[in-house]
Each structure stands twice: as structure tokens, then as C-alpha cells.
Amino acid sequence: MFSPYYKRSGRGDPLNHCSLNVALYGPQARWAMTERASGAVERDASNLVIGPSCVRWDGEALTIDIVEGDTRLFVPWQRQVTGRVRVFPEALNRAAFALDGKESHIWHCLAPRARIEVEMTSPGLSWSGKAYLDHNRGAEPLEQGFNTWHWSRAHLNEGALVCYEGERGDGSLFASALRFSRDGAPEPVDLPPIAQLPRSKWRIERRTRSDIGVAEVRRTWEDTPFYARSELASRFAGEEVVTVQESLDMRRFSAPLVQFMLPYRMPRRKR
């Protein structure tokens with residue numbers, strides 16, 4: 001949905017603009033997002049192949065085999081980004097939610113709670129921990145439907161809590177909080193108070209929710225001209241939690257300068 005090539009093409013053939021985005025943070029940081037043409041894409045009910053990488057579901061886990069290369073500005077060669085990620089859902093949710101009245105934008109939290117195993121060969125990293133799996137789909141460009149959005153997710157002792165809010169393209173506001181039980185069933189709950197956060201280094205406005213209206217940015221993992229992803233310390237449902245938060249500004253994304261910059265971060269290959 002952030003592909004500059006897809007936008008220029010008129011968005012007529014999404015399968016001709018596919019990529020696997022890999023972001024590793026820390027001392028051995030890597031970032032890969034190479035777009036592939038339709039000749040490099042195969043799919044069926046349980047498998048998705050994008051170039052040399054693939055994603056498959058076996059009924060127990062979502063396995064992501066990564067064979068990519070990172071892209072850095074002004075650096076002509078790519079470092080390998082290879083490994084395997086396995087996501088084991090602890091709860092599955094079948095309900096999807098519309099983010100607008102026309103139902104042009106749908107959000108589906110597939111696994112509000114999951115376990116993850118990561119085995120990277122390049123760079124050599126491995127760990128296991130908590131995970132989350134969702135997806136968005138839409139019938140119109142994202143920048144047409146939204147100006148901004150803020151999303152956050154926290155694991156609770158029992159289930160998980162997701163807050164979603166923002167401003168639609170017509171200027172109307174939306175906001176919701178969903179608590180997912182241990183078996184994945186969603187239940188709308190009252191929105192906690194707004195917790196303002198400091199702007200990112202790129203001056204992206206960030207916002208989250210917290211029981212007491214206060215949250216702390218522990219780390220900012222992704223900081224771009226139109227998107228920020230952060231780790232927060234906050235409080236939900238009476239519990240001290242670690243929260244993953246993201247803020248998106250589609251007006252920034254649509255700016256000519258950002259569109260000019262994107263191909264340097266997101267190369268395109270036929271295979």
C-alpha cells in the first residue's frame with residue numbers, strides 16, 4: 001500500500017506490486033522491502049511466494065522464509081537478510097471491522113495473541129517471544145480514506161487490548177478499543193483517556209491511550225517522514241504493560257518529496 005510504483009501505475013494490478021517487508025532493530029539492524037513483479041509471485045490457499053521468499057500456513061503456524069537483501073541510501077550493495085520466522089497463534093479471531101462507513105477499509109486482527117520463534121542466519125540472530133498478527137484491506141487508496149491514524153496493541157494477563165483511532169479523509173474522526181479474550185473473541189470496551197506522546201524526530205504526531213492518560217516512549221524503532229513505530233510503557237485494564245504503537249500520516253506520504261524518496265528505500269525487481 002506504500003508502493004510508489006503501484007501508485008504511479010494507477011493501482012490496477014496489485015499482484016504486480018508485491019513485497020515482503022523485513023525490519024530488524026538493534027545493533028545488527030536490517031531493513032528490506034524489495035518489490036517484485038507478478039512473474040515472481042505465486043499463491044494458493046496456504047502459500048504465498050514473493051521472489052525468493054515465501055509465507056505458508058500449515059494449520060498450526062505461519063512460517064515466513066526470508067531470502068532478501070537490505071537497502072541503504074548511497075550504498076550500492078545489499079547485505080543478506082535470510083532466516084525463518086514462525087508465528088503460532090494462541091487465539092484466532094474471525095471477526096473483521098470496517099474503519100469507515102462505506103466499508104472501503106477493513107481491519108482484521110487474525111491473532112491478537114501469538115507466540116513467535118525467529119531464527120535468522122544473516123544476520124545471526126535468534127529469539128522467541130510474544131507476537132501479534134493482523135491485516136488491512138481496502139477498496140480505495142489509503143491516502144484517500146485517511147489523513148492520520150494511531151494504533152496500539154498490548155498483551156494482557158488475559159487476552160490483549162487494541163486501540164485504533166484517527167482522522168478519515170473527509171475529516172471525520174474514528175476511535176475504538178477492543179479487548180480480546182484468551183480465546184480470541186473481541187469485545188468493545190470504553191476508550192481509555194488519550195495519552196499524548198512526543199513527536200518523532202521526523203515530527204510525526206504520535207498518540208496512544210492509557211488508563212491514566214500517561215504513557216512513555218521507551219524506544220522508537222521506525223522513524224520515517226510519514227510513519228513511526230514505537231515501544232511504550234503504559235497501563236491498560238489496571239495492568240502495567242509494554243505497548244507496540246504506530247502513527248501514520250498519509251498527507252505526508254502523498255507529498256511529492258516523499259514520493260520521490262521512496263524508490264531509494266524500496267527498489268523494484270522483476271524476479
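Bear in mind that the values here come from a model prediction, so they are computed numbers and not experimental data. Worth knowing before you read on, the calculation uses all heavy atoms, side chains too, and leaves out hydrogens, waters and symmetry mates.
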Taking side chain as C-beta onward, heavy atoms only, is [X] less than 4.5 Å from [Y]?
X      : Y      : result
Arg115 : Glu90  : yes
Arg153 : Gln245 : no
Met261 : Met266 : no
Asn136 : Leu99  : yes
Arg36  : Lys270 : no
Thr63  : Val55  : no
Val244 : Tyr132 : no
Val81  : Ile66  : yes

Strictly distance-based, threshold 3.5 Å: is any side-chain N or O of [X] a donor or acceptor partner for the main-chain N or O of [Y]?
X      : Y      : value
Arg43  : Val49  : no
Ser3   : Tyr5   : yes
Arg206 : Pro198 : yes
Arg235 : Ser210 : no
Ser9   : Arg11  : yes
Arg209 : Pro192 : yes
Asp211 : Gly238 : yes
Thr208 : Ala195 : no
Glu35  : Arg269 : no

Residue pair [X] / [Y]: nearest heavy atoms and the distance that separates them:
X      : Y      : value
Ile204 : Pro225 : CD1-O, 3.3 Å
Leu173 : Arg168 : O-NH1, 3.3 Å
Ala215 : Leu197 : O-CD2, 3.8 Å
Asn93  : Gly184 : CB-O, 3.4 Å
Glu205 : His150 : O-CE1, 3.2 Å
Ala91  : Arg182 : CB-O, 3.2 Å

Connected via hydrophobic side-chain network under 4.5 Å: [X] and [Y]:
X      : Y      : result
Trp221 : Leu125 : no
Val258 : Leu248 : yes
Val189 : Val241 : yes
Leu133 : Ile64  : yes
Trp31  : Met120 : no

| said: Is the ring pair His135/His108 parallel, tilted or perpendicular, if the boundaries are 30 and 60 degrees? | reply: tilted

| request: Could you check whether the rings of Phe253 and Phe226 sit parallel, tilted or perpendicular, using 30° and 60° as the cut-offs? | output: perpendicular

How long is the span from the [atom1] atom in [X] to the [atom2] atom in [Y], to the nearest 0.5 Å?
X      : Y      : atom1 : atom2 : answer
Ser38  : Asp13  : OG    : CG    : 5.5 Å
Phe2   : Ser19  : CZ    : OG    : 10.5 Å
Cys163 : Leu178 : SG    : CG    : 8.5 Å
Ser247 : Asp249 : OG    : CG    : 9.5 Å
Asp170 : Gln144 : CG    : CD    : 10.5 Å
Leu156 : Ser181 : CG    : OG    : 11.0 Å

Less than 4.0 angstrom from a charged side-chain N to a carboxylate O is my criterion; do [X] and [Y] meet it?
X      : Y      : value
Lys102 : Asp100 : no
Asp70  : Arg79  : yes
Arg86  : Glu119 : no
Arg56  : Asp65  : yes
Glu231 : Arg219 : yes
Glu216 : Arg218 : no

| query | Given the rule in the salt bridge (charged side-chain N to carboxylate O under 4.0 Å, His left out) test, do Glu117 and Arg84 qualify, once you have shown the distances and angles that lead to the verdict? | reply | CA-CA 8 Å; Glu117 296 177 356; Arg84 173 172 290 179; over 6 Å; no

| Aromatic ring proximity, centroids under 6.0 angstrom, Phe88 and Trp57 | no

| How about Glu103: does its CD atom have over 12 heavy atoms from other parts shown lying under 6.0 Å from it? | no

| field | Within 6.0 Å of CD in Gln80, more than 12 heavy atoms from elsewhere | value | no

Any side-chain donor paired with an acceptor under 3.5 Å for [X] and [Y]?
X      : Y      : answer
Thr121 : Thr82  : yes
Arg229 : Tyr227 : yes
Tyr25  : Arg30  : no
Asp223 : Ser200 : yes
Ser53  : Glu68  : yes

| query | Can you list the steps and then say if Asn157 with Glu239 is a side-chain contact (heavy atoms from CB on, under 4.5 Å)? | reply | CA-CA 8 Å; Asn157 290 333; Glu239 300 178 28; 3.4 Å; yes

| request: Evaluate side-chain contact (heavy atoms from CB on, under 4.5 Å) for Arg268 paired with His17, printing each intermediate quantity in order. | output: CA-CA 9 Å; Arg268 178 173 169 82; His17 302 272; 3.4 Å; yes

| said: Between Thr243 and Phe236, does the side-chain contact (heavy atoms from CB on, under 4.5 Å) criterion hold? Intermediate values first, please. | reply: CA-CA 9 Å; Thr243 304; Phe236 285 132; 3.7 Å; yes

| said: Set out, in order, the CA-CA distance, both residues' side-chain angles and the distance that settles side-chain contact (heavy atoms from CB on, under 4.5 Å) for Glu140 and Ser104, then state yes or no. | reply: CA-CA 6 Å; Glu140 66 179 7; Ser104 296; 4.0 Å; yes

| task | In sequence, state the C-alpha distance, the side-chain angles, and the governing distance for Phe174 and Phe146, and then conclude on ring pair (Phe, Tyr, Trp, His ring centres under 6.0 Å). | result | CA-CA 10 Å; Phe174 70 98; Phe146 300 95; 5.6 Å; yes

| task | Run the numbers on Phe97 and Tyr164 for ring pair (Phe, Tyr, Trp, His ring centres under 6.0 Å), then give the verdict. | result | CA-CA 11 Å; Phe97 300 89; Tyr164 218 148; 9.9 Å; no

